Q: 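This is the structure I want to talk about, given as structure tokens.
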Amino acid sequence: MENILLKDNVADLEAYFASGGYRPLKKALSLKPAEIIDEVKKSNLRGRGGAGFPAGLKWSFIPKDAPGPRYLVCNADEGEPGTYKDRELIIKNPHALLEGMAIAGFAIGAGHGYIYIRGEFAAETELLDKAIAAARAKGFIGKNILGSGFDFEIFTHRGAGAYICGEETALLESLEGHKGQPRLKPPFPAVKGLFGCPTVMNNVETLAAIPAIIDKGGEWYASIGIGKSAGTKLFCVSGPVNKPGVYELPLGTPLMELIEKNCGGLKPGKKLKAVIPGGSSTPVLTASEAGAVNLDYESLAAAGSMLGSGAVIVIDDSQCMVKLLQVLARFYHHESCGQCTPCREGCGWIEKILNRFEAGAADEKEIDTLYSVADGMMGRTICPLADAMAMPVISFVKKFRAEFEAHARGETCGKGRGLEDQRTGGSALRSV
Amino acid sequence: MAFILSEEFKARAAKICARYPRADAALIPLLLELQKEAGYVAEEGMDALAQLLELPYSRVKAVTTFYTMFKREPAGKYHLQVCRNISCHMAGAAGLLDGLKKKLAIEEGETTKDGIFTLSSVECLGACGSAPVMQVNEHYFENLNEEKLDALLEELKHGRLPRH
């Protein structure tokens, strides 16, 4: 099927307009805000940042009679390891995002929209700023949009290197000029969000799907995909495949079809060992689990994992699972905001224990310590970062226990350093 | 010595502050601007920014030290930031980093004596499909291998930052 989001040659405003762009905005401005929200509800579009919450429902939580300003925030703080789809979307189709934001802004009654983009994406911020200026010059953003009387400004706002700011309320804190430490909920952002005002926050990919939904209707969008997993999704594949990249596919596509057909399979000589299907925090799948699962919210949940951000990390049999978990633990320890004890301490201890496994200093009993620390983190913190560490720990240990045991016995696998060490050899360790 | 923000900086800051209903929301963008100008965020810079935004110094320092992109001391002309997260790791990032340490004769967090290179490893840069990835100042260099890295270092030594 034809892509809805990832299109070629629409990066410039003229080309985007020539391909039918900004007509949905015109159409939306002729509708009542409630009608737009209904259309988005009908589409079954779900949040593409990872949580999968229904977008239309989220918009409808904005109190209808609340006085004062409302805000729209686009979450472009793409930082979940393995994820690089929003960057691609911003480069290829920035106006779909801006148009989606203008429509969403109108639907929820916001006058301002902020795109919170990770600080490292300096080039992408520049690109968005240029796109915003071009759209403003044509009257698609700014005062009295297309003569409708609706005013809507969009600003980019760069972060400065903190994974936690991808979490909704940490992002709000950061956008207000504070440390990115998540807020307790309730109140939810729809009631008390940015600057204490009702706020809707959506991922880049979610907002970029809005123009097509307004153009062709919610039912059309809902007819793509499978069941409650409607529409297309961007899947960003990394790891040793022949053609890594971002692919737009209808939800429900088999995972192996993405790997084999779109990505051209694994590189010569590589054998599939495992797949992390939705970004580094989602539970890992073994090769056989990966072979049987489809890429939609429900199928991946049934397989014990999550669709997450759509970041498919392919792992081949030359990789050491203990080392990979150590890499992830180092990351989560580094990124824990330090607010909640189970996360701050738990991530640190997990990294320390894994360092012992890697150094050959760990005892087999410490496998259970990993479990118990992870168990003590799950669901016991303000935000899901602790869960994001605990889920890979539990799934890696459960599914690849033999590798942890071998490390505890002092057998080194020689795979620890990635490609470099593999070239120099080392005794092979087989996983069961 | 007192640290004085230039009039040009203040004019730019006023424009950035105007994007928000509260000026202090501009703190992170302004710290980025400050760093862009000076190469790092000095204690005096934090103090000046606190005064400009009428914030306690402690707030500015807390924010500066929370976010990893803010440098607290001068770095080399080119800040080499090698991604070390999972996708880059599988693509050989550790080897690239080790190679850089040897070639530049510095460890992570250090700057070469000539002041040209600072070396760091960083967490996921969000470009995992083109691993391994390194960021040089604000520019991404993707699909790296030893050969490409050597060619890039050679360019940088001559003061040329290749653009794509």
Side-chain angles (χ1 to χ4, degrees), chain A residues 69 78-84 86-88 112 114 118-123 153 155 157-163 165 174-181 195 236-240 244-246 276 280 311 313-316 319 323-324 327-328 330-331 334-335 337 416-421 423, chain B residues 16 19-32 35-36 53 55 59-60 62-70 81 83-99 121-133 135 137-140 143 145-146 164:
Chain A
E78 183 165 57
E80 172 85 358
T83 315
Y84 58 100
D86 295 336
R87 180 186 185 222
E88 183 101 346
H112 288 81
Y114 295 98
R118 63 177 294 172
E120 292 85 349
F121 286 174
E153 291 291 346
F155 298 110
H157 181 108
R158 275 173 73 193
Y163 165 73
C165 292
S174 182
L175 188 45
E176 292 182 10
H178 296 278
K179 292 191 283 183
Q181 293 190 317
F195 306 117
C236 36
V237 186
S238 61
V246 185
I276 301 177
S280 63
I313 305 169
V314 176
I315 299 167
D316 71 275
Q319 295 294 334
K323 179 68 199 179
L324 294 187
V327 166
L328 293 183
R330 184 179 59 192
F331 167 71
H334 183 260
E335 300 299 335
C337 83
R417 305 303 303 274
L419 289 182
E420 289 306 305
D421 273 13
R423 267 190 235 123
Chain B
I16 294 172
R19 297 174 189 165
Y20 312 95
R22 294 206 302 250
D24 61 335
L27 179 54
I28 292 168
L30 291 184
L31 282 166
L32 285 168
Q35 175 157 290
K36 201 171 170 186
L53 296 172
L55 294 173
R59 158 94 176 268
V60 180
V63 167
T64 307
T65 52
F66 184 85
Y67 295 92
T68 47
M69 277 174 66
F70 294 125
Q81 300 152 88
C83 175
R84 62 183 190 181
N85 215 298
I86 185 162
S87 305
C88 284
H89 168 80
M90 289 194 290
L96 284 185
L97 188 62
D98 282 348
S121 65
V122 293
E123 294 301 349
C124 187
L125 289 168
C128 322
S130 40
V133 181
Q135 198 180 9
N137 299 344
E138 291 197 328
H139 303 273
Y140 277 48
N143 290 312
N145 53 36
E146 213 173 311
H164 347 242

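These numbers were taken from a predicted model, which means no experiment stands behind them. Each chain gets a letter, A, B and so on, in the order the sequences are listed, and its residues count up from 1.
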Q: Contact part of Val314(A) toward chain B, heavy-atom cut-off under 4.5 Å: side chain, backbone, both or neither?
A: backbone
Q: What's the separation between atom CD in Glu335(A) and atom SG in Cys124(B), rounded to the nearest 0.5 Å?
A: 10.0 Å
Q: Count the heavy-atom pairs under 4.5 Å between each of Glu153(A), Glu120(A), His157(A) and chain B, then report the option with the highest count.
A: Glu120(A)
Q: Quick one: which of Arg330(A), His334(A), Glu176(A) has the most heavy-atom pairs under 4.5 Å with chain B, could you say?
A: Arg330(A)
Q: Give, as side chain, backbone, both or neither, the part of Leu32(B) having an atom under 4.5 angstrom from any heavy atom of chain A.
A: side chain
Q: Give, as side chain, backbone, both or neither, the part of Arg118(A) having an atom under 4.5 angstrom from any heavy atom of chain B.
A: side chain
Q: What's the spacing between Leu324(A) CG and Asn85(B) CG if we round to 0.5 Å?
A: 10.0 Å
Q: Taking it one step at a time, do Arg19(B) and His112(A) satisfy side-chain contact (heavy atoms from CB on, under 4.5 Å)?
A: CA-CA 9 Å; Arg19(B) 297 174 189 165; His112(A) 288 81; over 6 Å; no
Q: Find the distance between CD (Glu78(A)) and SG (Cys128(B)) and round it off to the nearest 0.5 Å.
A: 8.0 Å
Q: Quick check for you: among Pro21(B), Cys83(B), Ala131(B), which has the greatest number of heavy-atom pairs under 4.5 Å with chain A?
A: Pro21(B)
Q: Mind listing the closest non-hydrogen atom pair of Val327(A) and Ile86(B) along with its distance?
A: CG1-N, 3.7 Å
Q: How close do Ala160(A) and Tyr67(B) get, counting heavy atoms only, and between which atoms?
A: O-CB, 3.2 Å
Q: Side-chain donor-acceptor pair under 3.5 Å between Ser87(B) and Tyr84(A), yes or no?
A: no
Q: What I'd like to find out is whether the side chain of Ile28(B) reaches to under 4.5 Å of the side chain of Arg158(A), using heavy atoms alone.
A: no
Q: With respect to chain B, which residue among Ser174(A), Pro69(A), Pro240(A) yields the maximal number of heavy-atom pairs within a distance under 4.5 Å?
A: Ser174(A)
Q: Hey, which of Gly82(A), Gly245(A), Ala162(A) has the most heavy atom pairs under 4.5 Å with chain B?
A: Gly82(A)
Q: Taking all non-hydrogen atoms of both residues into account, name the closest pair between Pro244(A) and Gly129(B) and its distance.
A: CG-O, 3.4 Å
Q: Which atoms of His178(A) are under 4.5 Å from chain B, going by heavy atoms: the side chain, the backbone, both sets, or neither?
A: both
Q: Give, as side chain, backbone, both or neither, the part of Ile276(A) having an atom under 4.5 angstrom from any heavy atom of chain B.
A: side chain
Q: By a 4.5 Å heavy-atom criterion (distance strictly below it), what part of Cys337(A) contacts chain B: side chain, backbone, both, or neither?
A: both
Q: Using a 4.5 angstrom heavy-atom cutoff, name the option from Gly239(A), Pro81(A), Gly79(A) with the most pairs to chain B.
A: Pro81(A)
Q: Please check if the distance between the ring centroids of Tyr20(B) and Tyr114(A) is under 6.0 Å.
A: yes
Q: Report which part of Phe155(A) has an atom under 4.5 Å of a heavy atom belonging to chain B: side chain, backbone, both, or neither.
A: side chain
